[in-house]
Amino acid sequence: MYEFDWSSIPGALPFLWAGMLLTLQITGVAIFFGIVLGTVIALFRLSKNRFLSGLAALYVTGFRSVPLVMVLLWFYLLVPQLITGLFGHFDLDIRLLSAFVAFALFEASYYAEIIRAGIQSVSRGQASAGLALGMTGGQAMRLIVLPQAFRRMIPLLLTQAIILFQDTSLVYVIGLSEFFGVAYNTGNRDGTLVELLLFAGAIYFIISFGVSLLVRVIQTKFAL
Amino acid sequence: MVIQAAGLDWSIFLKPAFDGSGTYLRFLFVGLEWTLLLSISAWVLAFVVGSIVGVLRTLPGKFLPMVGAVYVEIFRNVPLLVQLFLWYFVFPEIIPGLGTWFKQSVTPLLQQLIAGVLCLGFFTAARVAEQVRSGINSLGRGQRAAGLALGFNLYGVYRLVLLPVAYRIIVPTLTSEFLNTIKNSAVASTIGLAELSRQSQQLGEFTAHWYEAFIAVTLLYGVINIGVMIASRALESAIQMPGFVGGRQ
């Protein structure tokens, strides 16, 4: 039988906590910019302007046909070059910045599809009523359609956030030490990889499962 | 020269690869083969396991549906990368007998492939299960009741009445799940499996032609996507039924 040795976990807790904060930071940034940019892309995609809708479709299909691992590697290649090109030098953590940019742009393509479906689920009559009240198209979208659409989308947006939270572990490929990276490195260093990986898996499970239970409560309580 | 447009040197793909296996173009195609081998094997596993788990969740009684639900929650709430490392680093250590055999008697390359297929297969199975379940549930209780009334046992109802229709309904979502499997297979690069994204990183490291490597691989993923999409449309129209969504009226 395998002898488990959990002794390296208590000492590593502060580092694991710092890693978790980084994980949450990446998740938060990606959710915020993903939803903002995703809304813009969704509106482009629904626009009558062929050029804008084509551009948005290209963005969404492009990002959705490439593995996240490749997207992370791409931005880890591009971001440093762009920044040195723009500012000549940089004193930011380039891995972190690359991860922020990659996740924000990547998630935007997923959020855009959720938001587009949400907007389309609001009946046409709502927008027409707004226009009949003398609102401009933009006002009707902003004040009438989007609030209803977002309320309907909350469960899907949160589910996507859980997926995103789990996907942040992939920054491992660009050598960034968030929660998973810290767990892996600690396990490797102390020869307790088995215990650290099991521990990391358990923590991810508890958080993701907890939030998904919350989503179910929201779904029943806030349903329109 | 055309070949060096925009500062990129595409002739790199005609040069011999560092590992002596042929040109770098050949090197990339080896990656493509591994990506397809891994994704298709994992998909077969995911389809079988996912169908079983999905059916479990729709069976009468309490225990079996709960087993299905527990499976789905576990595999959906742990990141793919963590699951891969569990299959590759942890399970061979802690499973007595079989684990030791795996570490000592299986070649490293085969170890990577087996861990990758099991990880990706069981991970995707949780998603397939949810789709099989929603496909079966979308049929309504009448189908099941009619089957039972005709004298089929539960196995017969599933095999001859519910599943043939449910599978047809979920072909589009299964297609997108297969596309996800192909994309997720890139995670296997972290345990050293020489699939596409790993090969692009190696190519970049050994030749410093990062852009050429990444562009080529990104385009290859795009081509795979389009290919699967076309195949799935053909499949959909081949198996469609009159009266159902997408079918003839």
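Throughout, a chain's letter reflects where its sequence line sits, starting with A, and its residues are numbered from 1. Source: prediction; values computed, not measured.
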- [ ] Decide yes or no on side-chain contact (heavy atoms from CB on, under 4.5 Å) for B/N77 and A/Q166, but give the supporting numbers first.
- [x] CA-CA 8 Å; B/N77 286 311; A/Q166 297 183 26; 4.0 Å; yes
Is [X] atom [atom1] crowded by more than 12 heavy atoms from other residues, nucleotides or ligands, each under 6.0 Å away?
X	atom1	answer
A/R216	CZ	yes
B/F89	CZ	yes
A/W17	CH2	no
A/Y59	OH	yes
A/F75	CZ	yes

Which bit of [X] comes within less than 4.5 Å of chain A, counting heavy atoms only: side chain, backbone, both or neither?
X	result
B/L179	neither
B/I182	neither
B/I215	both

Task: Atom pair CZ/CG of B/F214 and A/L73 - distance to nearest 0.5 Å - done: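 Separation between the atoms: 4.5 Å.
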- [ ] Could you tell me the separation between the CE atom of A/M70 and the OH atom of B/Y221, rounded to the nearest 0.5 Å?
- [x]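 Between atom CE of A/M70 and atom OH of B/Y221 there are 7.0 Å.
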Task: Beyond-backbone contact of B/W210 with A/Y76, side-chain heavy atoms, under 4.5 angstrom - done: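 Counting from C-beta outward, B/W210 and A/Y76 never come under 4.5 Å.
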TODO: Answer whether the closest heavy-atom distance between the side chains of A/D167 and B/P79 falls below 4.5 Å.
DONE: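 No, side chains not in contact.
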Open item on the list: Could you go through B/Q83 and A/Y204, starting from their C-alpha distance and side-chain angles, then the distance that decides it, and tell me whether this counts as side-chain hydrogen bond (donor to acceptor under 3.5 Å, both in side chains)?
Closed with: CA-CA 11 Å; B/Q83 291 191 28; A/Y204 274 112; over 6 Å; no
- [ ] Output yes when a side-chain donor or acceptor of B/K183 lies under 3.5 Å from a complementary backbone atom of A/R64, and no otherwise.
- [x]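 Here the side-chain-to-backbone pair exists.
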Task: Stepwise ring pair (Phe, Tyr, Trp, His ring centres under 6.0 Å) check, A/Y172 with B/F85 - done: CA-CA 12 Å; A/Y172 173 84; B/F85 279 29; 5.5 Å; yes
Task: Proximity of residues 100-109 of chain B to chain A, residues having a non-hydrogen atom under 4.5 angstrom - done: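 Within residues 100-109 of chain B, near chain A: nothing under 4.5 Å.
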TODO: Using heavy atoms and a sub-4.5 Å threshold, report which of residues 195-208 of chain B line up against chain A, by residue number.
DONE: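 Heavy-atom contacts from residues 195-208 of chain B to chain A are B/S197, B/S200, B/Q201.
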TODO: With a 4.5 angstrom heavy-atom cut-off, could you sort out which part of A/F209 is near chain B: side chain, backbone, both or neither?
DONE: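 Interface part for A/F209: both.
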Task: Over all atoms of both residues, closest heavy-atom pair of A/G201 and B/V82 - done: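 In this case the closest contact between A/G201 and B/V82 is CA-CG1, 3.7 Å.
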Open item on the list: I need the minimum non-hydrogen distance between B/E73 and A/F205, along with the two atoms involved.
Closed with: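 Reported closest heavy-atom pair: O-CE1, 3.4 Å.
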TODO: Considering only heavy atoms and a distance below 4.5 Å, find which of B/N184, B/T218, B/L220, B/I226 pairs most often with chain A.
DONE: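 Of B/N184, B/T218, B/L220, B/I226, B/T218 has the most heavy-atom pairs under 4.5 Å with chain A.
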Open item on the list: Please identify, among B/V78, B/V217, B/I224, the residue contributing the most non-hydrogen atom pairs under 4.5 Å to chain A.
Closed with: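 That would be B/V78.
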Open item on the list: Test of understanding: with side chain to side chain contact (heavy atoms under 4.5 Å, CB included), list the residues that count as partners of B/L25, not counting sequence neighbours.
Closed with: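 Applying side chain to side chain contact (heavy atoms under 4.5 Å, CB included) to B/L25 gives B/F13, B/T23, B/F29.
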I'd like to verify something: which residue of [options] has the highest number of heavy-atom pairs under 4.5 Å with chain B?
options	value
A/F4, A/W74, A/F165	A/W74
A/S169, A/S212, A/P67, A/S65	A/P67
A/V69, A/I162, A/T168, A/I203	A/V69

Open item on the list: Sort by residue number and list every residue of residues 190-198 of chain A having at least one heavy atom under 4.5 Å from chain B.
Closed with: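 Residues in range: A/L193, A/V194, A/L197, A/L198.
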